Amino acid sequence: MIMDLVFLKIETEDEVTRLAQLALEIWNEYFVSIISKEQIEYMVEKFQSVHALTEQIKNQGYEYYFMNVNGKNIGYMGIKQGEGKLLLSKFYIHKEHRGKGYASHAIEYLVKISKFRRLGIIWLTVNRYNDATIAVYEKKGFRTVRTQVADIGKGLSNLLCKLI
Ligand SMILES: CC(C)(COP(=O)(O)OP(=O)(O)OC[C@H]1O[C@@H](n2cnc3c(N)ncnc32)[C@H](O)[C@@H]1OP(=O)(O)O)[C@@H](O)C(=O)NCCC(=O)NCCS
């Protein structure tokens, strides 16, 4: 089952359009219990619209991957390589596919990428109140380094790191 998960790098305009659609669906479904509809709309437009994604991929060094199972995109992740470290910028799985081990598999894939690129740390920020997700990251070996004021959203975000 988990072996069926593959990671497809997003490159074409058509793929970016499909990514923006998937992001819109997942963000609206998931964040509604954490932040307001207006904040979701603002954040999707700022970070996950076709325009924003194209800019990130073309000019800001971001890489996006569909998580694809049997031909269906069930989630996606966005990463950015920095000096000695890998930022896991976005990590979203569609509701009906959560809890099946796909995130664990994806994190293994990120560890492989990091080792291959000789990067020693994977890091990310997550909304301070996104408890279920923080629990997943902690289970997978990430540790909270600090809590900081986020520029958007509900005030605070945690910065977590995993040493490779
Ligand atoms: C966060 C997210 C990507 C994780 O994906 P998932 O499919 O739920 O995770 P998995 O089923 O692969 O589980 C990952 C691991 O966490 C563990 N886990 C899951 N829920 C847990 C919980 N509440 N407490 C502790 N561990 C938990 C699993 O047992 C598994 O560990 P294992 O493989 O070592 O046994 C997914 O839930 C998601 O898209 N959430 C909504 C969006 C979001 O918050 N994204 C991140 C923004 S920073």
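Start at 1 and go down the list; that is how both ligands and their atoms are numbered. Quick caveat: nothing in here was measured; it's all calculated off a predicted structure. Index from 1, following the sequence.
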**OP:** Ignoring hydrogens, just give me the one of Met67, His97, Lys140 whose non-hydrogen atom is nearest atom 34 (O) of ligand 1.
**Re:**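 Nearest option to atom 34 (O) of ligand 1, by heavy atoms: Lys140.
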
Original post:
Which residue from Thr133, Ile107, Val126, Ile34 reaches closest to atom 1 (C) of ligand 1 through any of its heavy atoms?
Top reply: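 Among Thr133, Ile107, Val126, Ile34, the closest heavy atom to atom 1 (C) of ligand 1 comes from Thr133.
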
If you have a sec, work out which protein heavy atom is nearest [atom] and how many Å separate them, to one decimal?
atom                    : value
atom 46 (C) of ligand 1 : Phe91 O, 3.1 Å
atom 15 (C) of ligand 1 : Ser104 OG, 3.4 Å
atom 39 (O) of ligand 1 : Ile93 N, 2.8 Å
atom 23 (N) of ligand 1 : Ala135 CB, 3.9 Å
atom 31 (O) of ligand 1 : Lys139 NZ, 3.3 Å
atom 38 (C) of ligand 1 : Arg98 NE, 3.4 Å
atom 47 (C) of ligand 1 : Tyr92 OH, 3.6 Å
atom 20 (N) of ligand 1 : Val136 CG2, 3.6 Å

**OP:** Indicate the atoms forming the closest heavy-atom contact of Arg143 with Glu138, along with that distance.
**Re:**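 So the two residues come closest at NH1-O, 3.1 Å.
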
Original post:
Taking the non-hydrogen atoms of Tyr137, is any one of them nearer than 4.0 angstrom to ligand 1?
Top reply: yes

Original post:
Is the closest N or O pair between Gly99 and ligand 1 shorter than 3.5 Å?
Top reply: yes

Original post:
Hey, is ligand 1 close enough to Phe31 that some N/O pair sits below 3.5 Å?
Top reply: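 No, since none of the N or O atoms of Phe31 sits under 3.5 Å from an N or O of ligand 1.
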
Original post:
Under 6.0 Å from the CD atom of Glu45, do we count more than 12 heavy atoms belonging to anything else shown?
Top reply: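 No, because the 6.0 Å sphere around CD of Glu45 holds 12 heavy atoms or fewer from other groups.
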
**OP:** Determine whether more than 12 heavy atoms belonging to other residues, nucleotides or ligands lie under 6.0 Å from atom NZ of Lys85.
**Re:** no

Original post:
Mind checking what makes salt bridge (Lys or Arg N to Asp or Glu O under 4.0 Å) contact with Arg18, not counting sequence neighbours?
Top reply: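 Arg18: salt bridge (Lys or Arg N to Asp or Glu O under 4.0 Å) contacts with Asp14.
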
Would you mind listing which atoms of ligand 1 come within a distance below 4.0 Å of any non-hydrogen atom of [X]?
X      : value
Asn130 : 44 (O)
Tyr102 : 12 (O)
Gly101 : 10 (P), 11 (O), 12 (O)

Original post:
So which of Glu11, Lys9, Gln56 actually passes side chain to side chain contact (heavy atoms under 4.5 Å, CB included) with Glu63?
Top reply: Lys9

**OP:** Measure up the Trp27 and Phe31 rings against each other and bin them: parallel (under 30°), tilted (30 to 60°), perpendicular (over 60°).
**Re:**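 Correct class here is perpendicular.
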
Original post:
Can you check whether Gln60's main-chain N or O pairs, donor with acceptor, with Lys80's side chain at less than 3.5 Å?
Top reply: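 Yes, Lys80 side chain to Gln60 backbone: donor-acceptor pair under 3.5 Å.
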
Original post:
Are the side chain of Arg146 and the backbone of Leu159 linked by a donor-acceptor contact shorter than 3.5 Å?
Top reply: no

Original post:
When rounded to the nearest 0.5 angstrom, what distance separates NZ in Lys115 from CD1 in Ile164?
Top reply: 7.0 Å

Original post:
In Å and rounded to the nearest 0.5 Å, what is the OH to OG1 distance from Tyr137 to Thr144?
Top reply: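 Going from the OH atom of Tyr137 to the OG1 atom of Thr144 covers 11.5 Å.
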
